[in-house]
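Read through the structure below, which is laid out as structure tokens, and then see the notes.
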There are 2 protein chains.
Amino acid sequence: MLSSVIFYSLDKAIRQYRKLAQANIDRAGIAITIDQWLVLRVIQEHDDLTQADIADRVFKDQASVARMISLLTKRGLLAAVPLPSDGRRSQLRVTKEGEQVLSDVQPVVLSNRSLALQGLSEDDLTLLRNMLERIYLNCSARAPTP
Amino acid sequence: MLSSVIFYSLDKAIRQYRKLAQANIDRAGIAITIDQWLVLRVIQEHDDLTQADIADRVFKDQASVARMISLLTKRGLLAAVPLPSDGRRSQLRVTKEGEQVLSDVQPVVLSNRSLALQGLSEDDLTLLRNMLERIYLNCSARAPTP
DNA sequence: GCAACTTCAATGATATATCATACATCTATA
DNA sequence: TATAGATGTATGATATATCATTGAAGTTGC
């Protein structure tokens with residue numbers, strides 16, 4: 001049965017969490033998707049990453065990140081200043097509007113997390129994290145991403 | 001830190017698994033995506049579901065399923081026969097080619113799973129499943145999907 | 001038997017995901 | 001220092017994801 005397959009449960013849990021999270025962000029009247037938020041946050045923390053670096057951190061493709069950056073820039077949440085030291089790159093900066101969105105989203109994200117994790121102890125979460133990391137490593141070992 | 005966030009670990013694990021799984025399916029020379037495979041499988045098991053039913057089972061949207069069905073039909077893996085009892089619907093059937101693909105994929109999926117779950121005991125998996133189910137339920141409680 | 005409601009599938013709009021490729025620029029080395 | 005290779009970004013093609021809406025077809029209640 002599908003329900004006994006662990007990856008089915010994984011998918012189910014993460015998708016439901018995403019629905020909850022996005023719904024609460026929408027309800028708070030903030031116009032951003034979870035994925036955009038994640039990218040914006042990564043850029044806020046490190047403004048010297050290449051698109052590929054960012055992609056690594058959010059487990060996406062460089063092409064996806066390129067499009068998200070272009071969208072976030074179009075929306076005024078991100079600004080790109082060409083880097084004199086490297087003609088291929090730009091320095092990405094979160095704008096005032098971007099900062100505002102990030103700080104608006106923060107409490108919603110925290111509340112989503114605690115809602116979603118109700119009934120799970122710290123020990124549970126540690127165990128869960130370890131198992132997930134184990135799965136990740138197992139899949140990386142033979143994944144054709146050398 | 002992002003790495004301490006459980007949903008980050010969840011995302012990371014599932015994405016890596018998907019990469020491994022898709023890579024191994026591709027490597028076996030089978031032209032299907034994991035998502036298409038899942039839909040095809042659900043239809044094989046129950047040929048009397050509506051698109052919304054299928055969407056529920058694969059945790060997707062009815063619109064996504066509609067497009068996947070149309071694609072699978074175009075590729076000849078699925079056939080739709082109009083239902084006389086209901087002018088809106090069609091009976092979906094997995095074709096010979098579809099059956100072939102499903103049976104080709106089966107061993108690859110099994111091998112992917114055991115690869116990915118190496119080092120996790122049955123007890124671990126039960127625990128994992130329970131925690132994921134807990135998260136799912138927590139997120140469903142207030143998810144605006146009544 | 002028909003009006004109101006519900007169900008089902010299809011599709012437009014927008015965003016994401018991924019691969020492959022194109023193009024520019026940078027770096028290392030022969 | 002010319003150039004081969006590496007790196008960084010952008011984009012076409014295709015698939016998926018989601019919401020909202022349309023329109024057809026079924027069901028209910030009166």
Side-chain angles (χ1 to χ4, degrees), chain A residues 11 14-23 25-27 31-40 43 48-56 58-75 77-78 80-92 143-145, chain B residues 11 14-23 25-27 31-40 43 48-56 58-75 77-78 80-92 143-145:
Chain A
D11 213 41
I14 193 95
R15 279 175 195 271
Q16 200 70 12
Y17 175 71
R18 283 175 162 273
K19 277 184 197 166
L20 171 74
Q22 190 65 60
I25 289 174
D26 293 349
R27 186 156 28 227
I32 195 169
T33 68
I34 302 183
D35 294 302
Q36 290 169 6
W37 167 76
L38 192 55
V39 168
L40 202 55
I43 294 174
D48 56 347
L49 300 177
T50 65
Q51 292 183 356
D53 290 336
I54 298 171
D56 274 353
V58 300
F59 311 119
K60 292 180 202 292
D61 193 81
Q62 174 264 326
S64 303
V65 169
R67 283 168 173 124
M68 290 172 81
I69 286 175
S70 119
L71 190 64
L72 287 168
T73 303
K74 212 172 297 171
R75 295 220 176 137
L77 305 184
L78 213 53
V81 185
L83 269 181
S85 59
D86 188 333
R88 297 165 301 181
R89 305 189 45 194
S90 289
Q91 165 108 20
L92 293 172
T145 321
Chain B
D11 213 41
I14 192 97
R15 279 175 195 272
Q16 200 69 12
Y17 175 70
R18 282 175 162 273
K19 276 184 198 166
L20 171 73
Q22 191 65 60
I25 289 174
D26 293 349
R27 185 155 28 225
I32 195 168
T33 68
I34 301 183
D35 294 302
Q36 290 170 6
W37 166 77
L38 191 56
V39 167
L40 202 56
I43 294 173
D48 56 346
L49 301 176
T50 64
Q51 292 184 356
D53 290 336
I54 297 171
D56 274 353
V58 300
F59 310 119
K60 291 180 202 291
D61 194 80
Q62 173 263 325
S64 302
V65 170
R67 284 170 172 125
M68 289 170 83
I69 286 175
S70 119
L71 190 64
L72 288 168
T73 303
K74 212 171 296 169
R75 295 219 176 139
L77 306 184
L78 213 52
V81 184
L83 269 182
S85 59
D86 188 334
R88 297 165 303 181
R89 304 189 45 194
S90 288
Q91 164 108 20
L92 292 172
T145 321

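In what follows, chains are A, B, ... by sequence order, proteins preceding strands, each numbered from 1. The shown structure was predicted, so the numbers you read here are calculated from the model rather than taken from an experiment.
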Taking A:D61 first and then B:R15, would you say they form a salt bridge - that is, a charged N and a carboxylate O separated by under 4.0 Å?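 Result for this pair is no, no salt bridge flagged.
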Between the side chains of B:D48 and B:R89, is the shortest nitrogen-to-carboxylate-oxygen separation below 4.0 Å, so that they form an ion pair?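 Salt bridge between B:R89 and B:D48, a charged N being under 4.0 Å from a carboxylate O: no.
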For [N], does OP1 or OP2 lie under 4.0 Å from any side-chain N or O of [X]?
{"X": "A:S90", "N": "D:dT9", "value": "no"}
{"X": "B:R15", "N": "C:dA17", "value": "yes"}
{"X": "A:Q36", "N": "C:dT16", "value": "yes"}

Candidates D:dG12, D:dA17, D:dA10 - which lies nearest the side chain of A:R67: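 Of the options given, the side chain of A:R67 lies nearest D:dG12.
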Side chain of A:Q62 only, heavy atoms from C-beta on: which candidate in D:dT18, D:dT14, D:dA10 is closest?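 Of all the options, the side chain of A:Q62 is nearest to D:dA10.
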How would you label the contact of A:R18 with the nucleic acid (heavy atoms, under 4.0 Å): base, sugar-phosphate, or nothing?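 Nothing: the residue A:R18, judged by heavy atoms under 4.0 Å, touches no strand.
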Write down the distance between [atom1] ([X]) and [atom2] ([N]), rounded to a whole number of angstrom.
{"X": "A:Q16", "N": "D:dA17", "atom1": "CD", "atom2": "P", "answer": "15 Å"}
{"X": "B:I14", "N": "C:dA17", "atom1": "CD1", "atom2": "P", "answer": "14 Å"}
{"X": "A:I69", "N": "D:dT9", "atom1": "CD1", "atom2": "C1'", "answer": "9 Å"}
{"X": "B:R89", "N": "C:dT6", "atom1": "CZ", "atom2": "C1'", "answer": "15 Å"}
{"X": "A:M68", "N": "C:dT14", "atom1": "CE", "atom2": "C1'", "answer": "13 Å"}
{"X": "A:K60", "N": "C:dA17", "atom1": "NZ", "atom2": "P", "answer": "3 Å"}

